[in-house]
Structures are given as C-alpha cells and as structure tokens.
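The structure appears below as structure tokens.
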2 protein chains.
Amino acid sequence: SYNADLFQTETRKLMIPAADVACVNGHNSLEHALLILTQSGYTAIPVLDRAGAVKGIINSTLIIKAILGISGYEIERLSEQKVEQVMSVDVPKVKESQLFLRPFELSITWPFLCVEDDAGKFVGILTRRTILAQLYQYFRR
Amino acid sequence: SYNADLFQTETRKLMIPAADVACVNGHNSLEHALLILTQSGYTAIPVLDRAGAVKGIINSTLIIKAILGISGYEIERLSEQKVEQVMSVDVPKVKESQLFLRPFELSITWPFLCVEDDAGKFVGILTRRTILAQLYQYFRR
Ligand SMILES: Nc1ncnc2c1ncn2[C@@H]1O[C@@H]2COP(=O)(O)O[C@H]3[C@@H](O)[C@H](n4cnc5c(N)ncnc54)O[C@@H]3COP(=O)(O)O[C@H]2[C@H]1O
Ligand SMILES: Nc1ncnc2c1ncn2[C@@H]1O[C@@H]2COP(=O)(O)O[C@H]3[C@@H](O)[C@H](n4cnc5c(N)ncnc54)O[C@@H]3COP(=O)(O)O[C@H]2[C@H]1O
C-alpha cells in the first residue's frame, strides 16, 4: 500500500521482528550454525550474546573457509569450533526509532540491518527486500 | 551522480558486465563451484552453458545440502556431482534494453538479475546494490 510518509516512517514499523529472525549464539558450534543456515535457507544470520545483543554475523562462506585445511575439508572442525571464533564482527546496526533515509543509505552496502532498541537489545532486522518493496510502492503512485 | 533519467535508463548502462561476474559451467563439479563461491565471497552465482546462456544459479546452501548424507557430510560427493544436478533453474532474467522500472520490481524478490542480449546470451548482472544506489541518488537531489 502506498506509504505517503515513507521518509517519516520509523524502522520499527518496517522491520522483521526478532521472533521471526533465524539467529545463533556465539557459543554455538559451527556445526549447529551450518544446520540453521542450511535449514532456514538464509545465507547470513545475526549472532547474539546471552544478553540479547548482536555481536556478529555468521555466513556459510566463513564456515566453509574455517573447515578447509591443507589436505581438504576437515569436517571435525565443525563440532570443535565456535561461531564466535569465525563470525564477522562488522555489523550494520540502526535504532528502531531511526527514520527511513538512514537505513535506505546503509542498504546500499548491506543486505540486512540489525535493529536495536535504546538499550542495545536486538529487536529485529530490516531487509533490502522490505526497503525495495516500500520504494517501489512509492514510485507506483 | 544524480541520474535525472533513471526510469529511462537501459539495464545495459547499470549492469556489471559478464567479464566481471563470477560464474561456473553446469558441467563443473560441486567441488569446483564451492571453490569459486568461497574464493569470490559471493553467495550465489550464475551457471552458464557452453553457448554462453544462463541455465541456473548455484549457491553454497544447495551444495551443502547435496553433500549431507544420512551419517554426516559426504565430502566425496563434492567431486562426484555436477553443478547442473544441484543448481536452481529459477533464474530472473532481463534484456539489456529493458528500462529501469522492471528490474526495480524484480529486485524486490531477487538479489541480482541475469542480463541477456536479444539472442539470449548472458551479458551481465544487475544487483540490488546498484539499484539501491541509483534510487538513493535520485532521492538525494
Ligand atoms: N525463505 C525465503 N522466502 C522468500 N524469499 C527469500 C527466502 N530466503 C531468501 N529469500 C530471498 O533471497 C534474498 C537473499 O536472501 P539471503 O539469505 O541471501 O539474505 C538474507 C538473509 O541473510 C537475511 N534475512 C532475511 N530474512 C531473515 C530471517 N527471517 N532470519 C534471518 N536472516 C534473514 O537478510 C538477507 C536479505 O534478505 P531479503 O529478504 O532482503 O532478500 C532475500 C529474499 O529476497
Ligand atoms: N566483494 C564484495 N565487495 C563489496 N561488497 C560485497 C562483496 N561481496 C558481497 N558484497 C555485498 O554483500 C551483498 C550480498 O552479496 P551476495 O554474495 O550474498 O549476493 C550477491 C551475489 O550473489 C551476486 N553478485 C554480485 N556481484 C557479483 C559478481 N561480480 N559475480 C557474481 N555474482 C555477483 O549478486 C548478489 C547481490 O550483490 P549486491 O552487490 O547487491 O550485494 C552484495 C554487496 O552489497
């Protein structure tokens, strides 16, 4: 539906809430993370700590590189290593009160943004799909 | 730079040309494809046939699922199976003469589009990053 106030819309109105986001904990094994990634079908997901804050992003490329040894793939590393040893700590974050223009700009670089409340707790993600769908409706008027 | 005529721009002006796109052939092994994916860092890439047309898209999730057997990961399948046995054949395509609105609409669903010439030959890809960057410039005027 046409959102006349797209640029006045807060991120919280557009995000996928945390309950619907596939995530892992930094203490999980790579094996666990790979299962979540392949079963959910997502290529990259947030990594949370026990306090519910985002600490990193894990993707299957990072996991595959971690298990590739001198003489081939070392499958045992999957259960031996933890997500926090391998994840990327470069995480794009926005506050849930942030207006559209800033997430829009960040989405040029990032397929999804991690949304946090004022206390720094993870509350959802904002995806390129959502941003593009909103922009498309804007132009279709 | 501000593109006043964004909606009159042809896809060929915005695409990443084929020479700069990481691809594989359907006859390549999964092992070869996984190497290209992990080394390029891209999560999904086009699969071409010998005539240079796009036949599918391969991503690491499809490969990992293909090697996951009853009793764990079966690494030997990587060299035994071919890309064409595992790839997705659902490929978003646009002509290089296509104007912006159509790729923009498709990008809501697809992270990248395969661009072809009138003969159906692969000539490049158009990414969400490019589309979002162009839209952002449009709004920044
Ligand atoms: N189950 C599904 N149903 C329908 N379409 C699907 C889908 N899985 C993937 N797609 C499509 O493929 C795009 C890329 O997904 P990817 O997993 O690489 O990249 C995703 C993934 O890394 C992350 N993501 C999206 N939804 C997520 C969720 N519920 N939980 C965790 N991560 C999510 O955000 C990135 C961008 O997502 P976005 O939706 O913009 O873009 C998605 C969407 O257009
Ligand atoms: N080497 C790099 N340098 C800078 N940024 C990088 C990067 N690799 C990935 N990214 C960032 O991550 C996004 C998702 O990449 P992904 O590989 O999942 O998803 C990519 C990949 O599947 C494909 N793709 C992009 N460029 C490609 C290329 N040169 N060859 C083959 N496939 C490509 O199109 C999808 C969307 O690309 P898009 O640029 O919109 O979005 C990219 C880009 O914003």
Side-chain angles (χ1 to χ4, degrees), chain A residues 6-7 22 30-31 33-45 57-69 71-79 88 100-113 126-140, chain B residues 6-7 22 30-31 33-45 57-69 71-79 88 100-113 126-140:
Chain A
L6 181 56
F7 290 84
L30 297 191
E31 183 173 41
L34 196 59
L35 214 60
I36 302 289
L37 287 166
T38 49
Q39 287 182 348
S40 69
Y42 296 117
T43 61
I45 58 178
I57 290 176
I58 188 73
N59 63 56
S60 43
T61 302
L62 290 168
I63 296 175
I64 292 163
K65 283 184 166 172
I67 66 168
L68 194 43
S71 47
Y73 293 102
E74 301 184 13
I75 292 298
E76 61 281 5
R77 287 188 194 177
L78 279 177
S79 46
S88 166
F100 187 74
L101 191 70
R102 178 65 183 149
F104 176 14
E105 183 186 22
L106 284 171
S107 76
I108 295 167
T109 308
W110 301 96
F112 69 95
L113 314 174
L126 177 52
T127 62
R128 276 175 169 170
R129 176 188 185 134
T130 299
I131 290 168
L132 285 159
Q134 288 288 329
L135 288 164
Y136 188 75
Q137 288 307 317
Y138 185 95
F139 280 102
R140 278 208 53 180
Chain B
L6 181 56
F7 289 85
L30 297 192
E31 182 173 42
L34 195 60
L35 214 60
I36 301 288
L37 286 167
T38 48
Q39 286 182 350
S40 68
Y42 296 117
T43 61
I45 59 178
I57 291 177
I58 187 74
N59 63 55
S60 43
T61 301
L62 290 168
I63 297 176
I64 293 163
K65 284 184 165 172
I67 66 169
L68 195 43
S71 47
Y73 292 103
E74 302 185 10
I75 292 298
E76 63 279 6
R77 287 188 194 177
L78 279 177
S79 47
S88 165
F100 186 74
L101 191 69
R102 178 65 183 150
F104 177 12
E105 182 187 23
L106 285 170
S107 76
I108 295 168
T109 308
W110 301 96
F112 70 94
L113 314 174
L126 177 51
T127 62
R128 277 176 168 170
R129 176 188 184 135
T130 299
I131 290 169
L132 285 159
Q134 288 288 329
L135 288 164
Y136 188 75
Q137 288 308 318
Y138 185 96
F139 280 102
R140 278 208 52 179

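Chain identifiers are assigned alphabetically (A, B, ...) following the order of the sequence lines, protein sequences preceding nucleic acid strands; residue numbering begins at 1 within each chain. What you see is a predicted model, and the numbers here were worked out from it, not measured in a lab.
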Test ring-ring contact (aromatic ring centres under 6.0 Å, His included) applied to B/F104 - qualifying residues, sequence neighbours left out:
A/Y136, A/F139, B/F100
B/R128 side chain to B/I108 backbone, donor-acceptor under 3.5 Å:
yes
Hey, does the side chain of B/S40 reach the backbone of B/I36 with a donor-acceptor pair shorter than 3.5 angstrom?
yes
Go through the atoms of A/S60 and report whether side chain, backbone, both or neither lie under 4.5 Å from a heavy atom of chain B.
side chain
Approximate separation, where rounding is to 0.5 Å, of A/Q39 CD and A/L34 CG
10.0 Å
Applying a strict 4.5 Å limit to non-hydrogen atoms, the region of B/I64 in contact with chain A is side chain
If you count heavy-atom pairs under 4.5 Å between each of A/T109, A/T61, A/T38 and chain B, which one has the most?
A/T38
If you count heavy-atom pairs under 4.5 Å with chain B, which of A/L101, A/N59, A/I131, A/L62 comes out on top?
A/L101
